[in-house]
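Below, read A as the first sequence line, B as the second, and so on, with proteins coming before strands; counting in each chain starts at 1.
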Number of protein chains: 4
Amino acid sequence: MAPRSSKQFEEIREKSKEKLVYAALELFATHGYDRVSVSQIAKHAGVSKGLVYNYYASKEDLVQAIIETYMEVGEVLWREIADPDPWTMMRNIIRATFGMLRTQPDLMKLLTGLSLQMDQFPFIKGLIEKKAEGYLLLAANLFEKMGYKNPALESRVLGALFDGICVQYITMGPPQFDLDSMENYLIEKYCNNEEA
Amino acid sequence: MAPRSSKQFEEIREKSKEKLVYAALELFATHGYDRVSVSQIAKHAGVSKGLVYNYYASKEDLVQAIIETYMEVGEVLWREIADPDPWTMMRNIIRATFGMLRTQPDLMKLLTGLSLQMDQFPFIKGLIEKKAEGYLLLAANLFEKMGYKNPALESRVLGALFDGICVQYITMGPPQFDLDSMENYLIEKYCNNEEA
Amino acid sequence: MAPRSSKQFEEIREKSKEKLVYAALELFATHGYDRVSVSQIAKHAGVSKGLVYNYYASKEDLVQAIIETYMEVGEVLWREIADPDPWTMMRNIIRATFGMLRTQPDLMKLLTGLSLQMDQFPFIKGLIEKKAEGYLLLAANLFEKMGYKNPALESRVLGALFDGICVQYITMGPPQFDLDSMENYLIEKYCNNEEA
Amino acid sequence: MAPRSSKQFEEIREKSKEKLVYAALELFATHGYDRVSVSQIAKHAGVSKGLVYNYYASKEDLVQAIIETYMEVGEVLWREIADPDPWTMMRNIIRATFGMLRTQPDLMKLLTGLSLQMDQFPFIKGLIEKKAEGYLLLAANLFEKMGYKNPALESRVLGALFDGICVQYITMGPPQFDLDSMENYLIEKYCNNEEA
DNA sequence: AATGAATGAGGATTCATTCAT
DNA sequence: CATGAATGAATCCTCATTCAT
């Protein structure tokens with residue numbers, strides 16, 4: 001039997017890792033990090049418990065990998081945001097945020113849960129802080145261009161609103177919480193040139 | 001030699017329970033329900049592990065007791081809300097909400113964390129749903145009186161904003177997140193008769 | 001208030017002890033010594049947990065007291081056994097044995113259970129051995145007078161039969177296991193002069 | 001480097017389970033189910049505490065497995081019982097019963113102990129009842145063929161005798177309680193064609 | 001690369017027992 | 001005499017992690 005090429009090995013590795021990351025995200029989001037055992041994850045992913053430790057040094061390492069993996073996926077949405085017109089750019093931001101919620105609800109749920117336990121997960125702390133800072137600067141700048149009186153505060157309000165929508169969407173779910181109307185409302189409110 | 005009177009016992013009981021509930025709330029809020037052991041709670045409260053089970057049938061029973069205890073405390077703030085003028089009443093609601101956050105940040109943190117695991121804590125589910133429903137009706141009614149076009153949606157937005165403020169205040173803390181300016185902003189925005 | 005006389009105290013003591021012993025026997029027999037907690041016993045007896053330790057040094061001390069108390073009660077049945085005629089005396093023994101089962105089923109159940117754990121309850125070991133020895137001598141002597149070929153063996157057989165009846169009566173209970181017909185059968189079989 | 005084959009795993013599993021079941025039976029029989037901790041069992045078996053739970057969901061699950069395992073072993077003795085001649089068949093039954101006691105004294109002890117706590121161990125209840133019913137029918141039928149006047153009662157008596165012999169053999173042990181002479185006595189008494 | 005047997009620290013819970021009043 | 005609050009050792013069980021194959 002010819003030895004597998006290293007490329008083949010790489011493929012196998014990636015496939016297993018993907019299965020694991022996906023299964024873990026699903027379980028973590030549904031039941032919470034601490035209520036899910038590594039065994040459960042392995043079983044859900046259809047691999048052996050030991051394999052998890054072939055790829056990830058620890059359970060905590062695994063969450064970190066999950067978050068990095070899926071954040072990356074989500075970040076694509078943020079790349080197309082820039083626009084010379086602040087109202088248009090604001091609309092892009094809102095669209096990206098809601099898009100994130102729609103395409104990655106599990107990731108958002110996991111992140112929200114972990115962010116409440118930041119002292120237990122140091123890597124989360126850094127990540128969240130960096131994101132928040134970036135968003136705040138960006139949004140404040142936009143609000144300023146749009147002529148708002150207190151851009152810093154305004155961007156905080158919008159940030160809080162995004163978080164709140166996330167929490168409610170997570171806890172109440174689609175049937176009761178309607179993302180679409182909320183999104184339209186925000187776009188109408190924040191992206192209308194006449195408002196200023 | 002005479003046995004203690006039942007009043008004496010009652011006092012002792014209450015004192016111990018208070019110590020426990022207080023210590024547990026603090027730890028749960030800081031580290032999350034699943035990361036705190038009953039031993040840690042007992043040690044933090046300065047009593048023995050076994051005593052916890054003299055008063056609470058289980059760890060879950062304890063959280064429930066915590067929530068009931070401190071909810072009651074917080075609910076006082078909501079009793080003085082009613083007012084014939086909708087703008088005044090809205091201001092009272094905002095004040096009560098922020099008051100809650102200021103006086104019971106630990107409770108809010110605990111509640112937020114648990115609400116993300118509602119399926120694991122059935123009693124939370126009921127509690128949150130009831131609260132949310134009550135708030136939504138009340139706020140929608142108010143917004144209608146204030147002449148808003150879409151009162152139902154508007155009340156959802158404000159609700160999400162409250163949740164978001166809660167999350168941000170919890171995760172970022174007082175130095176970085178300024179409750180006061182946020183409160184003033186909201187009052188100005190929502191409770192100004194001229195807006196309509 | 002005049003101090004209670006020591007006689008009154010004695011009466012109170014006896015009443016409490018009786019309540020405890022009775023409650024404990026009932027629970028031990030139903031659920032087994034190790035499955036019953038001192039708290040349960042106290043509650044079942046309607047007294048406080050602490051009182052148990054006023055009267056008995058330990059849980060084990062309590063079982064011992066139970067057994068002694070109720071053995072004494074049962075032993076009355078064995079005092080009237082003697083009779084010059086061996087067939088009559090044998091009938092008296094059988095009657096006494098079945099009487100014991102009928103009047104003290106709980107005691108018998110407790111004893112049977114504990115006798116299987118003799119190494120854990122040393123006092124039981126002594127007690128059982130003494131009883132057995134006494135019975136074996138008595139019965140062998142009787143069987144000899146009645147003309148049986150192998151009185152020692154015969155008395156062992158009857159002893160085993162008594163034990164087995166006890167076990168079956170305990171496990172299957174009155175509706176399915178009929179003590180009366182069994183008793184009559186034994187009397188007919190063993191106490192009939194003509195058999196020899 | 002290659003993962004073990006499932007056959008290898010099976011062997012390892014079976015070996016560990018056997019060690020556990022054997023160690024547990026020994027301890028349960030000697031000290032009683034409730035007096036033996038899972039740790040003790042693991043230590044006695046020479047494995048870790050955690051391994052017990054790899055194979056058995058709970059301590060109760062373990063007893064059940066023990067009983068099933070060893071019952072099976074014992075039941076071989078009962079397969080060769082059938083015989084057209086009722087006296088011969090009766091002798092086979094007696095032999096099988098005593099054989100059980102001789103080869104599986106620990107199992108018999110465990111079963112006897114648990115049968116006194118049937119309400120705590122539902123699976124025992126079913127098992128015992130089924131066995132008893134089967135035996136009673138079989139024996140009654142035999143006694144009828146042998147011409148006994150009251151076959152049902154007679155089979156109950158013999159059943160009780162078996163139980164009693166079991167209890168006595170268990171509590172007194174081989175030196176004092178002689179199984180052989182008892183067995184011979186019963187065979188002589190019950191399996192002699194002339195008696196009828 | 002993949003498996004699952006094995007480990008043991010740690011967690012929730014129970015309970016006999018003590019003791020101040 | 002009587003109470004029940006308080007203790008902590010011991011128990012059952014879970015689970016992250018290691019490792020031989």
Query raised in the report: Does any pair with a residue in residues 44-54 of chain D pass side-chain hydrogen bond (donor to acceptor under 3.5 Å, both in side chains), and if so which ones, sequence neighbours excluded?
Result: E26(D)-H44(D)

Report summary line: Sorted by number, residues from residues 17-34 of chain D placing a heavy atom under 4.0 Å from DNA chain E are none

Report task. Can you measure from OH (Y22(D)) to OG1 (T69(D)) and round to the nearest 0.5 angstrom? Result -> 14.0 Å

Query raised in the report: Between I170(B) and P105(B), is any pair of side-chain heavy atoms under 4.5 Å apart?
Result: no

**Report entry** Atom-pair distance (CD on Q40(B); P on dA9(E)), nearest Å
**Finding:** 18 Å

Query raised in the report: To the nearest angstrom, how far is R35(A) atom CZ from dT14(F) atom P?
Result: 14 Å

Query raised in the report: Take atom CD in E60(A); do more than 12 heavy atoms of anything else shown fall under 6.0 Å from it?
Result: yes

Report task. Just jot down the side chain to side chain contact (heavy atoms under 4.5 Å, CB included) partners of K7(B), sequence neighbours excluded, or say none. Result -> S5(B), E11(B)

Query raised in the report: In which ranges does DNA chain F form stems of 3 or more consecutive Watson-Crick or G-U pairs, distances under 3.5 Å?
Result: E:2-21 with F:2-21

Query raised in the report: Can you check the Y56(D) OH to dC12(F) C1' distance for me, whole Å?
Result: 17 Å

Query raised in the report: With sequence neighbours excluded, what pairs up with E68(C) under the side chain to side chain contact (heavy atoms under 4.5 Å, CB included) test?
Result: Q64(C)

Query - N/O (side chain, Y53(D)) to phosphate O (OP1/OP2, dT14(F)) under 4.0 Å - result: no

Query raised in the report: Residues in side chain to side chain contact (heavy atoms under 4.5 Å, CB included) with S37(A), at least two apart?
Result: S39(A), Q40(A)

Query raised in the report: Rounded to the Å, how far apart are K7(B) NZ and dT3(F) C1'?
Result: 18 Å

Requested in this report: On DNA chain F, check which nucleotide each of S39(A) and Q8(D) is closest to and give me the residue with the more 5' one.
Outcome: S39(A)

Query raised in the report: Which whole-number value in Å describes the distance from K43(D) NZ to dG8(E) P?
Result: 11 Å

**Report entry** Audit row: F28(B), I67(B), side-chain contact (heavy atoms from CB on, under 4.5 Å) steps and yes/no
**Finding:** CA-CA 11 Å; F28(B) 283 155; I67(B) 290 171; over 6 Å; no

Report summary line: So OH of Y33(B) and CG of L27(B): to nearest 0.5 Å the spacing works out to 13.0 Å

**Report entry** Donor-acceptor contact below 3.5 Å, side chain Y55(D) vs main chain L20(D)
**Finding:** no

Which side-chain N or O atoms in residues 106-128 of chain A pair as donor and acceptor under 3.5 Å with protein atoms at least two apart or in another chain?
from	atom 1	to	atom 2	distance (Å)
K109(A)	NZ	A29(A)	O	3.4
T112(A)	OG1	M108(A)	O	2.6
S115(A)	OG	L111(A)	O	3.4
S115(A)	OG	T112(A)	O	2.7
Q117(A)	NE2	H31(B)	O	3.1
Q120(A)	OE1	R35(B)	NE	3.2

Requested in this report: Starting at atom CD1 of I41(C), determine the distance to atom C1' of dC15(E), rounded to an integer number of angstrom.
Outcome: 12 Å

Polar atom pairs between nucleotides 3-5 of chain E and protein, under 3.5 Å, N or O only, would you list them?
from	atom 1	to	atom 2	distance (Å)
dT3(E)	OP2	S48(A)	N	3.1
dT3(E)	OP2	S48(A)	OG	3.4
dG4(E)	N7	G50(A)	N	3.3
dA5(E)	OP2	R13(D)	NH1	2.7

Query raised in the report: Got a sec, which residues hit side chain to side chain contact (heavy atoms under 4.5 Å, CB included) with E14(B), two or more places apart in sequence or on another chain?
Result: E10(B), K17(B)

Query raised in the report: Hey, does L62(D) have a side-chain heavy atom less than 4.5 Å from the side chain of I41(D)?
Result: yes

Query raised in the report: Which residues within residues 57-65 of chain D lie with some heavy atom under 4.0 Å of an atom in DNA chain F?
Result: S58(D), K59(D)

